[in-house]
Amino acid sequence: MKRVFAHIGFSFAITLIVLNVFSIDAAFVILGVTGAAFAVSMIFDKLRKGASIPLCAASAFLACVLFLSVYYGTFIPQSKLDGKTANAEFYIIDFNENAESGRFYYTVKTISVDLDGAPQSFKTEFSSDERLSVDYYLLIKGELTFHLSAENGFDSYGDFGEGIFLSSKLNFYQITNETISSPNKYVLHIRDSIKAFIEREFDRDRDGLILALLIGDKTLLSGEVKNNFIVSGTSHIMAVSGLHLAVLSGSLYWLLKKMRTPKVPAVMISVISTCFYMALCGFSKSITRAGIMMLILLLGKLFDEKSDSLNSLGLAVFIICLNPFAVTDSGALLTVTAVLGLITVNKELVKLFKPKSKLAKSKLAKYTVSALLASVSVFITTLPVLYATFGYVSVIGVFLNIVMIPIAQFTMITAFLATAFQWLAPLLFVFKMFAGGGAGAMLFITEKCAQLPFALRNISTPAIGLAIAAALLLFGIVFIIGKKNLLKPCAAISLVLAVAILSVSAAMEYNSVFVREIGGYYTTAVVVYDRNNAVIIGVNDYQQYSTAKIIVKTNGLNVSMIIDTSSSDYSKRLTRELDVLNYVTDGDAQGINCSNIVKTSDFTVDLWQSLNVKYYHDGRNAHITFKVYNNVFRINGGKMFESGEGVINTRYLYEHDVLYTVNEYGISERRLNLWLK
């Protein structure tokens with residue numbers, strides 16, 4: 001059969017996504033179902049000869065076995081350390097600084113943990129207000145208090161995918177003179193030297209963007225720049241992937257061929273460079289996927305064979321999924337689905353749009369049409385991930401990528417040359433000027449485009465999720481049975497189903513009220529809104545400010561009230577950028593652009609139908625209660641929990657965003673993750 005690895009890789013990945021969504025009990029059920037499906041498919045001659053169904057069932061069965069093995073063999077033993085304190089020996093294997101919070105984050109590997117029955121060697125991470133004067137791979141003795149990062153992979157913001165199940169608190173430490181031997185130490189020093197060079201030579205924000213383009217390190221980027229790229233639909237440019245490898249490794253191979261280097265040395269030099277670049281980027285999921293595909297492409301040149309792109313992607317996905325929690329990283333999911341769109345959907349779209357006129361056949365027209373079709377293809381296949389992670393899509397990004405990708409490629413190449421020739425002042429000056437200009441252009445374009453009122457559209461409603469699921473199910477069936485002639489009928493049926501689902505849902509949710517919790521560094525902010533109005537509560541950091549602003553703009557809402565729980569500059573900033581009717585604060589009222597400023601520590605108000613708000617500030621913490629239909633939500637001291645009829649659970653919510661849909665039929669809940677931690 002064709003594309004064996006495509007069947008294996010995608011069956012493996014989809015099964016692992018399902019396993020990470022549901023409880024561990026479901027894993028045993030799925031194990032039994034997939035095992036039975038494989039056995040049945042082997043009994044019937046037609047299914048066995050078709051090979052697709054047995055292969056997919058076997059892959060799903062093996063995915064269950066792998067997931068259960070890692071869950072009980074690695075996750076459960078480490079989870080038993082939750083809440084416990086122990087003396088440990090460890091060494092630093094990675095380090096990052098968060099530009100927004102100013103905190104330093106360390107990933108460490110333990111050698112020993114002084115607790116009976118505790119696992120000895122595992123990765124964990126802790127943060128510090130100050131940078132530790134400790135080199136990579138230097139043995140440290142100290143006391144750590146362990147905490148479980150999350151209950152499941154999707155709640156861990158990619159930590160489970162990195163093999164990190166426990167976060168830690170460093171109580172005290174002592175540096176030793178013992179060094180752990182590892183070649184990765186030298187790679188990390190090279191990465192730090194690149195970062196130091198870029199920080200020294202380029203202005204603020206430009207340095208962060210250039211560093212992200214070169215090695216995927218986004219620690220120098222401000223929250224505002226990250227937000228501009230997200231809103232403009234170009235954030236994928238900052239996640240090192242196929243685009244970056246195609247530019248760097250592809251350019252290197254092209255240069256070697258131009259220098260008349262024999263094929264074998266040219267391929268091997270390119271392979272070694274690709275592996276080094278993957279290490280330099282920390283073997284992130286996106287660069288690993290792209291690196292595997294690039295290695296397959298390069299090695300295929302030795303045999304004069306053109307590898308099948310879909311099969312190569314399937315092989316890459318399978319290798320990545322040997323870590324069963326890798327599928328919970330939304331950045332990797334976006335990368336894989338984007339490449340999938342370029343391989344499959346784009347090919348079909350290109351067939352439909354063949355140039356006929358002389359003007360349409362010009363190089364500029366061909367590039368524009370080709371880039372637009374590629375962008376549309378990526379938009380279609382990444383839509384399910386965007387729905388699950390962001391809850392909104394960038395409309396302008398479909399068109400903006402036509403301009404941004406060439407500028408990003410130009411900036412990457414000149415920044416790389418500036419880094420390589422930093423010892424030669426004349427060349428450094430030229431390449432630095434070009435790289436800085438390219439980065440400046442990208443920052444300017446994304447900033448202006450992010451301010452456009454139509455840049456984003458909301459897709460967070462359950463109906464859109466149901467429509468996406470129906471389309472995925474139909475196309476998944478077509479893929480398994482391998483009938484390409486069914487693609488067009490499948491697309492037509494998907495369109496009809498989507499229209500029907502969205503129409504029924506629009507009628508049912510017409511009077512719904514939405515409650516969006518926005519996790520932050522210190523507190524949880526809340527936006528309550530219906531189809532016309534919004535109330536914004538407790539915005540205290542940039543991510544909360546950005547998300548609240550996006551909700552208002554994408555839904556075309558009027559802001560009835562902002563309740564400032566801690567005299568926040570970000571809450572005040574919203575009044576200068578949105579049309580706000582009322583502003584409630586118990587603190588400083590300077591810098592607020594609002595006609596009705598209410599300075600009080602106690603009030604009750606009915607804002608619109610089905611929404612009542614009570615506010616009280618005790619001098620230290622704000623206490624807010626708001627009632628939506630028969631459901632009561634409370635915010636105490638910046639943390640939110642909910643209670644009342646129809647509520648699924650009662651808990652503190654801080655790790656991720658949650659969207660509640662409340663109406664006369666009850667309440668539903670869905671989690672919204674962000675790919676940027």
Side-chain angles (χ1 to χ4, degrees), residues 511-644 653 657-660 662:
N511 291 319
S512 293
V513 175
F514 302 94
V515 180
R516 172 73 175 267
E517 295 185 60
I518 311 168
Y521 291 119
Y522 308 107
T523 62
T524 299
V526 179
V527 180
V528 187
Y529 60 99
D530 63 5
R531 64 181 184 274
N532 296 315
N533 305 294
V535 176
I536 302 173
I537 304 170
V539 170
N540 290 307
D541 65 40
Y542 186 84
Q543 189 57 58
Q544 293 172 341
Y545 151 82
S546 171
T547 304
K549 185 177 173 182
I550 287 171
I551 291 170
V552 171
K553 288 198 168 185
T554 56
N555 291 281
L557 304 174
N558 301 311
V559 182
S560 299
M561 179 177 289
I562 291 179
I563 301 177
D564 184 0
T565 59
S566 58
S567 192
S568 166
D569 288 336
Y570 287 107
S571 290
K572 296 174 183 177
R573 186 171 173 179
L574 286 171
T575 67
R576 299 191 292 271
E577 299 180 12
L578 302 173
D579 186 14
V580 181
L581 296 178
N582 301 284
Y583 191 93
V584 179
T585 181
D586 191 37
D588 179 22
Q590 291 185 350
I592 300 172
N593 183 22
C594 178
S595 57
N596 187 30
I597 300 174
V598 181
K599 293 199 66 175
T600 182
S601 59
D602 190 359
F603 78 92
T604 301
V605 63
D606 291 315
L607 287 173
W608 66 72
Q609 184 181 5
S610 305
L611 178 62
N612 171 269
V613 179
K614 296 180 180 179
Y615 170 82
Y616 169 67
H617 201 291
D618 61 10
R620 183 175 181 182
N621 291 316
H623 304 274
I624 302 166
T625 302
F626 54 96
K627 185 175 182 181
V628 182
Y629 288 99
N630 292 321
N631 299 277
V632 178
F633 297 79
R634 293 188 178 91
I635 303 174
N636 289 323
K639 297 292 181 71
M640 177 170 170
F641 65 93
E642 71 281 7
S643 61
L653 294 162
D657 291 6
V658 176
L659 176 68
Y660 297 94
V662 189

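The basis for the numbers below is simple: all heavy atoms, side chains too, and nothing from hydrogens, waters or symmetry mates. For the single chain, residues carry numbers from 1 onward in sequence order. What you see is a predicted model; the values in this text were computed from it and never measured.
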*CG/Asn593 to CD/Glu577 distance, rounded to the nearest 0.5 angstrom?*
10.5 Å
*asked:* Using 0.5 Å steps for rounding, measure from the CG atom of Leu581 to the CG atom of Asn596.
replied: 8.5 Å
*Within a reach of under 6.0 Å around CG of Asp602, are more than 12 heavy atoms found that belong to other residues, nucleotides or ligands?*
yes
*What distance separates Ile562 CD1 from Asn582 CG, expressed to the nearest 0.5 Å?*
10.0 Å
*Roughly how far, to the nearest 0.5 Å, is OG of Ser571 from CD1 of Ile563?*
10.0 Å
*Side-chain touch Ile536/Val580, heavy atoms, less than 4.5 angstrom*: no
*May I have the step-by-step check of side-chain contact (heavy atoms from CB on, under 4.5 Å) for Arg516 and Thr547, ending in yes or no?*
CA-CA 10 Å; Arg516 172 73 175 267; Thr547 304; 3.5 Å; yes
*So which heavy atom on Ser568 is nearest to which on Val539, and how close?*
OG-O, 2.8 Å
_Heavy-atom pair with the smallest gap, counting every atom of Gly538 and Ala525_ = O-CB, 3.4 Å
*Got more than 12 heavy atoms from elsewhere within 6.0 Å of CG, Asp579?*
no
*Quick one: does Asp530's side chain have a donor or acceptor within less than 3.5 Å of a partner on Val513's backbone?*
no
*asked:* I need the minimum non-hydrogen distance between Asn540 and Gln544, along with the two atoms involved.
replied: N-OE1, 2.7 Å
*Distance from Lys614 atom NZ to Lys627 atom NZ, nearest 0.5 Å?*
8.5 Å
*asked:* Which heavy atom of Tyr529 sits nearest to which heavy atom of Leu557, and what is that distance?
replied: CB-CD1, 3.6 Å
_Parallel, tilted or perpendicular: which one describes the rings of Phe633 and Phe626, with boundaries at 30° and 60°?_
parallel
*Do Asp564 and Tyr583 get their side chains close enough for a donor-acceptor pair, meaning under 3.5 Å?*
yes
*Ile624/Val613 under side-chain contact (heavy atoms from CB on, under 4.5 Å): CA gap, chis, key distance, verdict*: CA-CA 7 Å; Ile624 302 166; Val613 179; 4.2 Å; yes
*asked:* Ignoring hydrogens, what is the shortest heavy-atom contact between Leu574 and Lys549? Give both atom names and the distance.
replied: CD2-CB, 4.2 Å
